[in-house]
Colleague: 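I'd like to ask some things about the structure below.
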Amino acid sequence: MRIATWNVNSIRQREQHVARWLDRAEPDVLLLQEIKCESHAFPALAYHGLGYQAEAVGQKAYNGVAVLSRRPFVCRGRSLPGLPESDAQARYIEIETEGIILLGIYLPNGNSGGAEGYAYKLAWMDALASHAEALMAEDKPLAILGDFNVCPTDEDLAPGTLPKTDALVRPESRARFRRLIWAGLTDAVHAMHPHGPVWTFWDYQGGAWQRDLGLRIDHALLSPELAERLVAADPDRDARGEPQPSDHVPVVVDLA
DNA sequence: ATGCCGGGTCCTACCCGA
């Protein structure tokens, strides 16, 4: 079984990139982030011919997540439990397929909006960890994939790319990422590439791609049963070299 | 420490991303 995650930075700009990638990589499930459109505007029909059904959780202009799956699935949730009712940001989708619960997340960046913006990121991570712990207690196979907007350690960013104060590397962000690991989840890419470096994002600016100055912020976390089945976990760097690419590449996880 | 790039939108200057 092949599961993947990809922050596409606008599905309208990347509709054909995704179609080509599905055709090439043949994932069973692809979780998308930053579709940047409302749910009804997601181009589901463009992927039906390739055998994929879509479910989108969108909003105008910002954020937005979606699922493309060629296996039957049910949508279990369209917002992260534990956040205030007033929170309307489209950052979460939860499905079940083949007995596996899959969470697709677009975690807040945390650098905009000052102290309030960073507090929102941490609250979001607290709610995610609480929900993950509850799901783990049910003993069902669980995977959390998406753009976490966290470099878990200093090995997960090219030297000099971010200041120490950046929300992606601050201790509070990293502590909350570790809470997910302590809950029993395995960081799939790290498990397969413990000595790195491995990047999933390169900034559009400053020739970051050409200089290979990237970050590892897109992750796949697996519950123990799925971690036992892990055979490969890799970013698809080829996607970053295409014309008009997203600044993120797909992260692909293969399970036996 | 940043917004040079690249997306978005009350269409055009400004917000947001990492």
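Just so it is clear: chains get the letters A, B, ... in the order the sequence lines come, proteins before strands, and each one is counted from 1.
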Colleague: Take atom P in B:dC14 and the same atom in B:dA18, then report the distance between them in whole Å.
Modeller: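 Per the computed distance, 23 Å lies between those P atoms.
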Colleague: Begin from the C-alpha positions of A:Phe73 and A:Gln53 and carry the test side-chain contact (heavy atoms from CB on, under 4.5 Å) through to its verdict.
Modeller: CA-CA 9 Å; A:Phe73 68 96; A:Gln53 293 295 315; 4.1 Å; yes
Colleague: With a non-hydrogen cut-off below 4.0 angstrom, is A:Arg14 in contact with a base, only sugar-phosphate, or nothing?
Modeller: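 Counting heavy atoms under 4.0 Å across all strands, the contact made by A:Arg14 is with sugar-phosphate only.
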Colleague: Sticking with atom C1', work out how far B:dG3 lies from B:dG8, rounded to a whole angstrom.
Modeller: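 About 15 Å, rounded to a whole number of Å.
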Colleague: Between B:dC4 and B:dT9, how far is it from one C1' atom to the other, in whole Å?
Modeller: 22 Å
Colleague: Transitively linked via ILVMFWY side-chain contacts under 4.5 Å: A:Tyr106 with A:Tyr92?
Modeller: no
Colleague: Closest-nucleotide mapping onto DNA chain B: is A:Pro245 or A:Asn111 further toward the 5' terminus? I mean the 5' end.
Modeller: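 Whichever sits nearer the 5' end wins; that is A:Pro245.
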Colleague: Only one of A:Arg76, A:Arg78, A:Lys140 passes salt bridge (charged side-chain N to carboxylate O under 4.0 Å, His left out) with A:Glu94; say which it is.
Modeller: A:Arg76
Colleague: Do the charged groups of A:Arg229 and A:Asp254 touch, with an N to O distance under 4.0 Å?
Modeller: no
Colleague: When the ring planes of A:Tyr47 and A:Phe42 are compared, do they come out parallel, tilted or perpendicular, using 30° and 60° as the limits?
Modeller: tilted
Colleague: Applying salt bridge (charged side-chain N to carboxylate O under 4.0 Å, His left out), name anything that partners A:Asp156, two or more places apart in sequence or on another chain.
Modeller: A:Arg216
Colleague: If each of A:Tyr106 and A:Thr165 is mapped to the nucleotide of DNA chain B with the nearest heavy atom, which maps nearer the 5' terminus, i.e. the 5' end?
Modeller: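 Looking at DNA chain B, the more 5' nearest nucleotide goes with A:Thr165.
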Colleague: Need two values: the first and the last nucleotide of DNA chain B, 5' to 3', having an atom under 4.0 Å from any heavy-atom of chain A.
Modeller: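 Range of nucleotides within reach of chain A: B:dA1 to B:dA18.
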Colleague: Heavy atoms only, 4.0 Å cut-off, all strands: where does A:Tyr62 land among base, sugar-phosphate and nothing?
Modeller: base
Colleague: Just to be sure I understand the rule, does A:Gln205 reach a base, reach only the sugar-phosphate, or reach nothing, if contact means heavy atoms closer than 4.0 Å?
Modeller: base
Colleague: Taking the same atom, C1', in B:dT2 and in B:dT12, what whole-Å distance lies between them?
Modeller: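 Nearest-Å result for B:dT2 against B:dT12 at atom C1': 24 Å.
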Colleague: Give one of base, sugar-phosphate or nothing for A:Asn7, where a contact means two heavy atoms less than 4.0 Å apart.
Modeller: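 If one applies the 4.0 Å heavy-atom cut-off, A:Asn7 turns out to touch the sugar-phosphate alone, with no base involved.
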Colleague: Looking for any heavy atom pair under 4.0 Å, which part of the strands does A:Gly160 touch: base, sugar-phosphate only, or nothing?
Modeller: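 Base contact - A:Gly160 has a heavy atom under 4.0 Å of at least one base atom.
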Colleague: Quick one: label A:Gln244 by what it contacts on the DNA or RNA (base, sugar-phosphate, nothing), any heavy atom closer than 4.0 Å.
Modeller: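 Touches nothing.
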Colleague: Provide the distance between the two P atoms, one in B:dC5 and one in B:dA1, to the nearest whole Å.
Modeller: 22 Å
Colleague: May I ask you to say what A:Asn63 touches in the nucleic acid, namely base, sugar-phosphate or nothing, with a heavy-atom cut-off under 4.0 Å?
Modeller: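 It contacts nothing in the nucleic acid.
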Colleague: Between A:Lys121 and A:Asn149, is there a side-chain heavy-atom distance shorter than 4.5 Å?
Modeller: yes
